[in-house]
Number of protein chains: 2
Amino acid sequence: MGDEPAGRTAPAGMRQLSPVDALAQLSFVVHRMLEQRAAEHDLSIIQTRLLGVLRDRNPTINELGGLLGLDKSSTSGLVERAERRGLVAREPSPTDGRSVLVSLTGAGRSLVSEASSQFERDISAFLAHLPQRDRTTLTALVTRVLVAHAAEQGIELFPGDR
Amino acid sequence: MGDEPAGRTAPAGMRQLSPVDALAQLSFVVHRMLEQRAAEHDLSIIQTRLLGVLRDRNPTINELGGLLGLDKSSTSGLVERAERRGLVAREPSPTDGRSVLVSLTGAGRSLVSEASSQFERDISAFLAHLPQRDRTTLTALVTRVLVAHAAEQGIELFPGDR
DNA sequence: TATTGTTATACTCTATAACTATA
DNA sequence: TATAGTTATAGAGTATAACAATA
């Protein structure tokens with residue numbers, strides 16, 4: 001994971017990261033931004049993802065586990081801790097007596113909205129280091145590689161497409 | 001965090017992610033690759049980072065905590081669990097009777113080498129979705145934004161520069 | 001006195017297994 | 001019987017605070 005000679009698009013004298021290092025570093029930087037913003041609201045990454053997922057859904061514990069990639073027991077505990085903080089609510093499913101529906105409370109919705117808008121500002125500020133033209137190019141290239149990767153994995157990158 | 005109209009660099013008909021979504025998604029994908037490769041070797045992300053940091057250093061517990069962003073007590077426990085698995089070794093510092101030097105064992109070095117070369121192959125395969133020319137452009141743009149961000153934070157992106 | 005590291009304690013997060021209630 | 005959810009248990013990972021040993 002070392003350095004490499006300067007490439008076409010870099011200003012004279014600037015060193016280049018290897019493609020692997022560039023993506024790995026970028027991933028860490030973005031992940032750390034999210035982590036720090038979440039921490040300011042006393043949220044972990046997984047709690048933030050929980051609230052995020054609930055913004056446009058009222059899933060059962062089981063569905064939530066699927067969305068977050070967690071076992072049902074882990075999901076149960078996660079929801080329990082969020083409920084104790086007043087961020088989410090549980091209610092029995094009207095159609096299946098075994099199921100529980102999870103939803104955001106007003107407090108949970110406020111918290112996730114604030115955290116995510118701050119995170120968006122962080123990313124915008126980070127990208128503001130590039131001129132508009134390069135930013136557009138970067139976004140387009142990243143979109144292309146993500147679309148190709150999602151297609152390979154059989155995942156819908158743009159929900160709502162048929 | 002929605003979609004946006006297609007941009008300059010996208011093929012006709014392809015939808016665009018917003019810049020924020022593009023970076024966030026990219027970060028998740030890369031992070032998940034690292035997590036899964038690490039898990040195949042029964043390593044967590046933090047254990048993997050520990051081994052990675054030790055590849056070219058024999059730091060004290062304190063220095064290690066600084067490098068990993070952990071409290072000394074957390075670092076002590078992390079090293080203890082890695083030592084129990086035979087991946088790292090502790091030895092008293094010859095120059096300071098209070099300090100402990102941490103180093104990779106042969107087993108630890110093998111493990112981190114294998115995991116990181118697999119991770120590098122994952123990233124390469126991921127980037128292979130783009131033609132060489134675009135890959136170079138992407139890497140250069142990411143390097144530029146990381147360099148600018150690191151400079152702003154007062155961090156050395158290229159260790160060894162003076 | 002200050003610093004280094006460990007330990008005690010507490011909490012989050014995770015999984016497996018056993019259990020209850022419902023289908 | 002099968003499924004949904006909770007609970008008991010175990011372990012990693014984290015921090016704060018108290019401690020021992022060394023500087």
Side-chain angles (χ1 to χ4, degrees), chain A residues 31-32 34-36 38-54 57-103 108 111, chain B residues 31-32 34-36 38-54 58-103 111:
Chain A
H31 200 265
R32 201 173 308 126
L34 183 54
E35 207 166 33
Q36 287 177 349
E40 286 176 17
H41 301 278
D42 275 302
L43 291 173
S44 63
I45 297 258
I46 189 62
Q47 287 282 347
T48 306
R49 286 182 61 207
L50 166 66
L51 301 186
V53 155
L54 293 178
R57 262 167 296 221
N58 281 18
T60 66
I61 294 281
N62 227 6
E63 291 164 347
L64 208 41
L67 291 164
L68 298 175
L70 296 176
D71 185 82
K72 59 186 180 173
S73 66
S74 307
T75 310
S76 186
L78 189 69
V79 167
E80 201 277 330
R81 292 187 292 276
E83 189 183 31
R84 216 189 305 146
R85 287 181 58 184
L87 303 177
V88 309
R90 275 178 170 105
E91 59 177 340
S93 164
T95 61
D96 186 334
R98 299 167 300 180
S99 292
V100 169
L101 300 179
V102 185
S103 57
L111 199 62
Chain B
H31 199 265
R32 202 173 307 127
L34 182 53
E35 206 165 36
Q36 286 176 350
E40 286 175 17
H41 300 278
D42 275 302
L43 292 173
S44 63
I45 297 258
I46 188 63
Q47 286 283 347
T48 306
R49 285 182 62 206
L50 167 65
L51 301 186
V53 156
L54 293 178
N58 280 19
T60 66
I61 295 281
N62 228 5
E63 291 165 347
L64 208 41
L67 291 164
L68 298 174
L70 297 176
D71 185 83
K72 59 187 180 171
S73 66
S74 307
T75 311
S76 185
L78 189 69
V79 167
E80 201 277 331
R81 291 186 293 276
E83 190 183 31
R84 217 189 304 147
R85 286 179 59 182
L87 302 177
V88 309
R90 272 179 171 107
E91 58 178 340
S93 164
T95 61
D96 187 332
R98 299 167 300 181
S99 292
V100 168
L101 300 180
V102 185
S103 57
L111 198 62

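Order of the sequence lines sets the chain letters (A, B, ...), proteins ahead of strands, with each chain counted from 1. Predicted, not measured: the structure shown is a model, and the values here were computed from it.
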- Task: At under 4.0 Å between heavy atoms, which parts of nucleotides 16-23 of chain C does protein reach? Answer with one letter per nucleotide, 5' to 3': B base, S sugar-phosphate only, - none.
- Result: BB----BS
- Query: Atom CG of B/L70 to atom P of C/dT6: distance rounded to whole Å?
  - Reply: 14 Å
- Item | d(CG, A/L78; P, C/dC11) in whole Å | 17 Å
- Message: Can you give me the closest heavy-atom contact between B/R85 and B/L111, atom names plus distance?
- Response: NH2-CD2, 4.3 Å
- Message: What contact category does B/S93 fall into here, base, sugar-phosphate, or nothing, at under 4.0 angstrom with non-hydrogen atoms?
- Response: nothing
- Message: Is it true that A/S73 and A/D71 share a donor-acceptor pair across their side chains at a distance under 3.5 Å?
- Response: yes
- Message: In this structure, how many angstroms lie between the C1' atom of C/dT6 and the CZ atom of B/R81, rounded?
- Response: 14 Å
- Looking only at atom types and distance, does a side-chain atom of A/R57 sit under 3.5 Å from a main-chain N or O of A/V53, one as donor and one as acceptor? yes
- Query: Okay, side chain of A/Q47, backbone of A/S44: is any donor-acceptor separation there less than 3.5 Å?
  - Reply: no
- Message: Reading DNA chain D from 5' onward, which residue's closest nucleotide shows up sooner: A/E63 or B/G69?
- Response: A/E63
- Counting just side-chain N and O atoms, does A/S76 come under 4.0 Å of either OP1 or OP2 of D/dG5? no
- Query: Just by distance, do the side chain of A/S76 and the backbone of A/K72 share a donor-acceptor pair under 3.5 Å?
  - Reply: no
- Item | Residue whose nearest DNA chain C nucleotide is more 5′ - B/R90 or A/S44 | B/R90
- Task: For B/S74 and B/L70, indicate whether the former's side chain and the latter's backbone hold a donor-acceptor pair under 3.5 Å.
- Result: no
- Interatomic distance where CD1 belongs to A/I46 and P belongs to D/dG13 [whole Å]: 17 Å
- Message: What is the separation between atom CD on B/E91 and atom P on C/dT4, rounded to the nearest whole Å?
- Response: 18 Å
- Query: B/D42 CG to C/dA15 C1': how many Å, rounded?
  - Reply: 13 Å
- Message: Nearest whole Å is fine: how far is D/dA10 C1' from B/R84 CZ?
- Response: 13 Å
- Judged by nearest nucleotide, the residue sitting upstream toward the 5' end of DNA chain D, A/G77 or A/S99, is A/S99
- Measure from CD1 on B/I61 to C1' on C/dT3 and round the result to the nearest Å. 14 Å
- May I ask you to say what B/E80 touches in the nucleic acid, namely base, sugar-phosphate or nothing, with a heavy-atom cut-off under 4.0 Å? nothing
- Item | Nearest non-hydrogen partners of A/I61 and A/T75, listed with the distance | O-CG2, 3.5 Å
